[in-house]
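Whatever order the structure lists ligands and atoms in, that order sets their numbers, starting from 1. What you see is a predicted model; the values in this text were computed from it and never measured.
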Amino acid sequence: MIASMDQMRVREFSTWFLLVSTFAAFSFGWSERISCDIQCDVRIYNTSSGPVADKLNVHLVPHTHDDVGWLKTVDQYFVGSNNSIQVAAVQYILDSVISALQADPNRKFIYVEQAFFQRWWRQQTSTTKKAVRKLVDRGQLEFINGGWCMHDEASTHYIDMIDQTTLGHRYIKEQFGKVPRIGWQIDPFGHSAVQAYLLGAEVGFDAVFFARADYQDVLQRRKDRTMEAIWRGSKSLGSSAQIFAGILANHYEPPDGFSFDIGSSNPPVQDDSELFDYNLEERVNLFVQRAQEQAKEFRTNHLMWTMGDDFAYEYAHTWFKQLDKLVHYVNKDGRVNAFYSTPSLYVDMKEASNETWPLKLDDYFPYADSENGYWTGYFTSRPALKGYVRKLSAYLQVARQLELIVGRKDLGLSSDSLEEALAVLQHHDGVSGTEQQHVASDYTKRLFLASVESESLINAALAQLITGKSRLAGYVGRLQMVTNEISNNYGHQAIKETGSSSMNFQQCPLSNISYCPPSEADLTGKSLAVIAYNPLGWERKETVRITVSDYKLDVFDSSGNLVPSQIIPVSQTSTKLRERHLRSIQKPIVSDEPLFELLFECSTPPLGYSTYYVKPSQNDSYSAEHSLIEENIQSHGAHAKSNSVQFTFSSSTGLLERLKRKDGVEVSLEQSFCWYNASDGNTEETRGQASGAYVFRPNTSSCFALGYNVTTSSVKGSLVEEVHQQLTSWVSQVVRVFKDSENAEVEFTVGPIPFEDQLGKEIVTKLSTDLESNGVFYTDSNGRDFIKRVRDYRSDWELEVHEEIAGNYYPVNSGIFLSDNSTDFSILVDRSIGGSSISDGELELMVHRRLLHDDGKGVAEALNETTCLDDSSTCEGLVVRGTFLIDVRPVNESAFWRRNLIQRKLFPLQLVFSVVNDEDGQFNISEYSAMEIGYQLPPNVALVTLQELHDSSVLLRLAHLFEIHEDDLWSNVAVVNLQNIFANHKIKKVEELSLSANQKKSEMKVKQWQIENDDMEGVRYIRSSGFLEDGYQIELRPMEIRTFSVTLE
Ligand SMILES: [Zn+2]
């Protein structure tokens, strides 16, 4: 064959190039074939290096960031399906990384997300498992972070964060005997104080690393070399719960030019001088240059390079082959020292350096990546999903408690599936609301399916308890005794009649749309047993509300005493909402008859239940007080009052106007709803940034008022007074004041947010008082510590304000408040939400958002949630219903109110229903507490976890609920006797563990750091440990959470 002219030119050129490049190699000093296997074709690279004391050390950390759902569902990411959306397959990542690690004992890799690792692990042969264990033992494969997912830090609750971390850590401990040492929160969009001190230090991590912090903050930190600091997230625990915290140098990618994923445009290291594009010198020079640049911004002569990215290493060979070469040639060059490493080794070197470190307090919220890019929209994105997660989180605790009380083995059902589903949802593109719509649907499906198993578990466990047929059979006598005595404590006799055997227990997960088939059933000749389970460690007395189809009702306690009750017609708004959603899920509407809400007072013992009976009245002398809805009353100035507070509404606008307390405190309290017009990002002024799933970017600072024409109606009664307000066709609310409470509960219903004007809308409610708050307000960190926020201010740097609304938004998990130093104004929420104080005395909450544009942060979809009716042909914007509590009271009473109500709101009474025939009598054990008779936890202590593990041990966590100096009385040390929590079992053994329960507290090692300008140096934070002399009594100091493994006899 004759070569064409073109081919000849190529040959000439290559001969020339070969000469030049060979010369270049010579001049660089690497002309020799490095080391040769038998035939000198195979190059062997020396990858065995480690840290060198007097050199600049580059720790190469190979890693992959695997989202537990985002653009694809968690299972699609694992198996690698739906690749038209994103090429990503975790199973191949793990397959190929394991092979690559086996090929060279110097190579290292870190793995993070247990949701994926466990999916992969259970498919492996025993040979592979053995090989992987060896890699883990050699330190080649290291698990860091190690939770089920890399949880979000803004919209997650601390209990869920602990649970999902514990789940992952438990597997790692069981399978490999290892304890993760490093927090690796590289992608979440802002970082919480609770992450640092609780899910970091208290878990036993040596450090936490992350990539995202405010761009202004990072700019300053690069200059000051304060990218790495010692972070004290808790005022109460101070230096006793501090952690080394590092912002990564290059997001979580390699430095520019060193990505080697398949398909990367960065050049590989071409060290074969016989081929074109020989680039060894160039590559090594760039490596050294990048290291020297980074060294200017970091302290000590150790640098970390994150060699990986999203779903990287699907073909691990492309990375490792290049990294082998870089290690070999860079060290040969000798200007810097490069080696395979892990964050653990990196932190060990940082500790050994004797460097002093800056101090970091509070948190890294909010996160902005540009002048107009404040990631504060996701604090509210997908509010219904956020609400569902919060609701099921409490439900999981109920299921776990009952599983323990009745016995895991005996039930044949388990709360494990719900634990796992909730763990998946904590992912930073899960509960955060920043996933694609089909992924959100997948998440919801997972939650729902898992909740069904827990629902059966709860029903079965209660049936066993109520009939006395549980594994506790041997304890039934004792249970009966407990029941009797508790009943006596509650002022009535226990029920001893033999109960019905045909118990059909049901629950009403759709009670938020007033749908509850068992309580709506025709009760002729029957009664409705309502079992109220209380998951708190405290007694409680509350008004419960159920939907019924008749109003001639009597309510009895289990001793047969009439209980005060009130009947309210179900409002038109609720009826519409019910019909709409029943159509959307194609559930039959039980009856067309008008429905009512039955309210009655309910007392429950701690960690137990009580039973109430709702019966149709035989004649017209029913006891339920019948309240009518009084329509169109706004012109008279509506009000709703309890024994100690009155809320007054304006006669002109119809909106909430004033609050007056019995103690004489009177404040102006005005409420309004308004909407921010979401920026579409396309106009000149908005410089390209649209509001989207992550980013909140209002077009202007104006919030456009809703509800110029409010329709008001009211309900009066002896248990509750309500004011119902219809602000627009799609915004309404009920303000409820219960007889014995000093606060109001607001139930809002917002949606479908209209779209016809082609304007994205972010719906906000504002509540303003005349309190002089001077720009200061407080928001909670993941439901735990309250953090001081100052409008238009950051404590770490001089803030340039570019977004006066979005830049002042913070995550609100449990509550937000402000104060004028004598009076506090607080709002407590039922789910994670975004909130702020834009004007003095005023708090605002973003309750819902519907957007037309993507914000360009990766999700590639506009946040536009809809509900489809009937045959899915009619889809309308999502309606969101939620509640919040509003309260005004003197500063010295306010912390106790907040902490107490947060617990009650977090763990509502769980209602279970059973329709029983009159002739069957009542249940054997109508009232029960798992705790010692008459015992309840102190008001400043909460039960965080009570769970029977697979080995029959009990995992117990108790939390002190107050911060130091938060309350004069309740910020003191609390004492709990653990034996009192287990009335029916004697404790055999108790061991204190780390927060994620994977190591003994006594064996935890803490790194020592020197801190510059430490004002608190020398302050010793006393921590509780061990037991008081008297048996199993323990102490808890402010903000402490203590974790125990309890073995029961
Ligand atoms: Zn991610």
Colleague: Hey, which protein N/O/S atoms does the Zn ion (ligand 1) have under 2.8 Å?
Modeller: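 Per the 2.8 Å query on the Zn ion (ligand 1), atoms found are His65 NE2, Asp67 OD1, Asp187 OD2, His428 NE2.
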Colleague: Answer with yes or no after comparing the ring centroid distance for Trp231 and Tyr364 against a 6.0 Å cut-off, counting only values under it.
Modeller: yes
Colleague: Mark yes when over 12 heavy atoms from residues, nucleotides or ligands other than Phe176 sit less than 6.0 Å from its CZ; otherwise mark no.
Modeller: yes
Colleague: Closer than 4.0 angstrom, basic N to acidic O: yes or no for Arg390 and Asp830?
Modeller: no
Colleague: Are Phe365 and His191 an aromatic pair, judged by ring center distance below 6.0 Å?
Modeller: no
Colleague: Taking all heavy atoms of Gly430 and all of Glu435, pick out the closest pair and write down the distance.
Modeller: O-OE2, 2.8 Å
Colleague: Looking at Asp362 and Arg789, does any basic side-chain N land under 4.0 Å from a carboxylate oxygen?
Modeller: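 Here Asp362 does not pair with Arg789 in a salt bridge, since their nearest N and O are not under 4.0 Å apart.
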